[in-house]
Number of protein chains: 2
Amino acid sequence: MNSGVDSITQARETGTLGKLMALLDLVTHADAPLRFTDILSLAGQPRGTLHRQLSHLVEEGLLELDGDGRYAPGLRLLDFAARSWARNEFRLIAEPHLADLQQATGETVHLGVLRGSSIIYLDKVEGHQPVRMYSQIGNASPCYCTGVGKAALSRLPAESLANLLSGLSFTRFTASTHVSAETLLTEIREIADLGYAFDREEHEAGIRCVAAPIWSEDRTFIGGVSITGPAYRLSMELLSQWAVPVQLAAGRIMEGMRVRLGPRR
Amino acid sequence: MNSGVDSITQARETGTLGKLMALLDLVTHADAPLRFTDILSLAGQPRGTLHRQLSHLVEEGLLELDGDGRYAPGLRLLDFAARSWARNEFRLIAEPHLADLQQATGETVHLGVLRGSSIIYLDKVEGHQPVRMYSQIGNASPCYCTGVGKAALSRLPAESLANLLSGLSFTRFTASTHVSAETLLTEIREIADLGYAFDREEHEAGIRCVAAPIWSEDRTFIGGVSITGPAYRLSMELLSQWAVPVQLAAGRIMEGMRVRLGPRR
DNA sequence: GCGCTTGTTCCATTATTTGGAACTTAATTT
DNA sequence: AAATTAAGTTCCAAATAATGGAACAAGCGC
């Protein structure tokens, strides 16, 4: 069930914090609560050290230790995230345009942003039903097999793109997932010309999408919007027709950001 | 707009991590992105130290530094939280019962857990409309002015309760908010007898709720469920009638936890 | 009980954080 | 435009915290 997201890769120059966050990553990325020994083997650190690190994380509420000695993600993370989300400017600006797009198409709309080589979903608007938002929002998905991801890559400066691609490790999710930097690069070039991207069931079988990129002038910020739905309902032809509205929505969001954040960037 | 949640109060024995988390708290609790100098005055630390701490937090993606030198919560927090939420056992067990309760009453149902002296909302089920879940989920609210909070307190062992009450600082949100430990304690004793709690517009004017506590045998885990809605629609009489279904739902959730987590606790 | 695994504590060594000050850069005023 | 002030960044010896090996406890299966 793990999405194969490029996790870990510490070696950051963040001293103690970096080590602790790598550990937190390790525990939160697991599919189930881990016991001390499991973590010990995964983290490859001395017992004493690991024990203290875990204790600190637990004490701070970032991890939780249940009665059976298993470590699970802590609830303080939720509190932090709730604030992070509520105040995110990009999301706030995009919100009305996502709703419009949802109304116009009747399908699910996603907003995502490129972070490293992952796409982090910031918002999701579905037409009907109480939405289980956390089920998607906040999730990190690979950039090479999602519509938003490929759209985002298409706006990256050549050098950054080359860098990112060279560091990528591909996981095949479906028959049509890109598994080489070459074919991916070819498609990204096409996308750069067209101004929109498709996901042809590359991340999940039976799920398609059209996406358009959103970027700041200085390219420090890159994300995208998409319309997603089941393949049986969304023919490639229909998706092609939606390319225009998705691009328009992306344009309006960029305009909103320009107004809000000042035109200079 | 800040909910007056008892934040900070570090003095934890968590070394470097504790200091950094207190700083992260400070920035994420602010209503808007903070500039370096703002944080400097709030945190009361030497410039050099603060600068490095912020750099580390930014490097790790826990904070973000925009082009204008302002610090805002980072997106990595979302990724962490998404996992924390998706895997939370209590929430998973409660989910179907919350939905049932929502169906039965037509009003909004909340699930919360006591953490320190705050209630952290873990889930929310509304009847209609795409839900903006992060708008509530993950939020920490004071325990003394919410239905779930007071219900939870009623199941705390006497000693823990006394401790918690003595450390509480009250903020008056509405005319009926408890602002002294004495009146609160009196009500909590009633609640302990009755088995359910009301929120009589104590946190937000015009909003009422009935809540029932959920607890593990050893009282290490305490939370609650509630039905919430506008006062004009939810008379106190109607709320009283819902006390039974709320308690039943709470009972079923506890039963679910007993089965899942083993009967010993 | 015995051996084995798992989890916890201790403490000298090592590495990181600290905080004052000096230094750069940007913004504002004269 | 120069002078002045504020804002942000870098440096390094001293103080503090993290490390990791080993010894110590607690469970568990046999």
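On a predicted model such as this, the values are computed, not experimentally measured, just so you know. The sequence lines fix the lettering, A, B, ..., with proteins before strands; numbering per chain opens at 1.
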Ring-plane angle category for B:Tyr121 and B:His110, please: parallel below 30°, perpendicular beyond 60°, tilted otherwise. tilted
Would you please classify the geometry between the A:Phe36 ring and the A:Tyr71 ring as parallel, tilted or perpendicular, with 30° and 60° separating the classes? tilted
Nucleotide-resolved protein contact map, nucleotides 7-19 of chain D, B/S/- at heavy-atom distance under 4.0 Å: BBBB------SSB
Can you tell if the side chain of A:Glu204 reaches within under 4.5 Å of the side chain of A:Phe173, non-hydrogen atoms only? no
Are side-chain heavy atoms of B:Leu77 and B:Leu24 found at a separation under 4.5 Å? yes
In short, salt bridge (charged side-chain N to carboxylate O under 4.0 Å, His left out) pairs touching residues 37-56 of chain B with sequence neighbours left out are none
Pairs of donor and acceptor atoms involving the side chains of residues 154-161 of chain A, under 3.5 Å and at least two apart or interchain, shall be tabulated with distances.
| unit_1 | atom_1 | unit_2 | atom_2 | d |
| --- | --- | --- | --- | --- |
| A:Ser154 | OG | A:Ala151 | O | 2.6 |
| A:Arg155 | NH2 | A:Ala192 | O | 3.4 |

Below 4.0 Å from chain A heavy atoms, what is the first contacting nucleotide of DNA chain C and what is the last? C:dT6 to C:dT17
Please name all residues satisfying salt bridge (charged side-chain N to carboxylate O under 4.0 Å, His left out) with A:Glu64, sequence neighbours left out, ordered by chain then number. B:Arg115
So for the helix from C:dG1-D:dC30 to C:dT30-D:dA1, with five pairs setting each end axis, what is the inter-axis angle to 10°? 40°
Please determine whether a side-chain nitrogen of the Lys or Arg among B:Asp31 and A:Arg83 lies less than 4.0 Å from a carboxylate oxygen of the Asp or Glu. no
For the pair A:Arg252 and A:Glu255, find out whether any cationic side-chain nitrogen is under 4.0 Å from an anionic carboxylate oxygen. no
For a side chain to side chain contact (heavy atoms under 4.5 Å, CB included) check, start with the C-alpha distance between B:Val125 and B:Leu111, then their side-chain angles and the critical distance, and finish with the verdict. CA-CA 9 Å; B:Val125 183; B:Leu111 180 74; over 6 Å; no
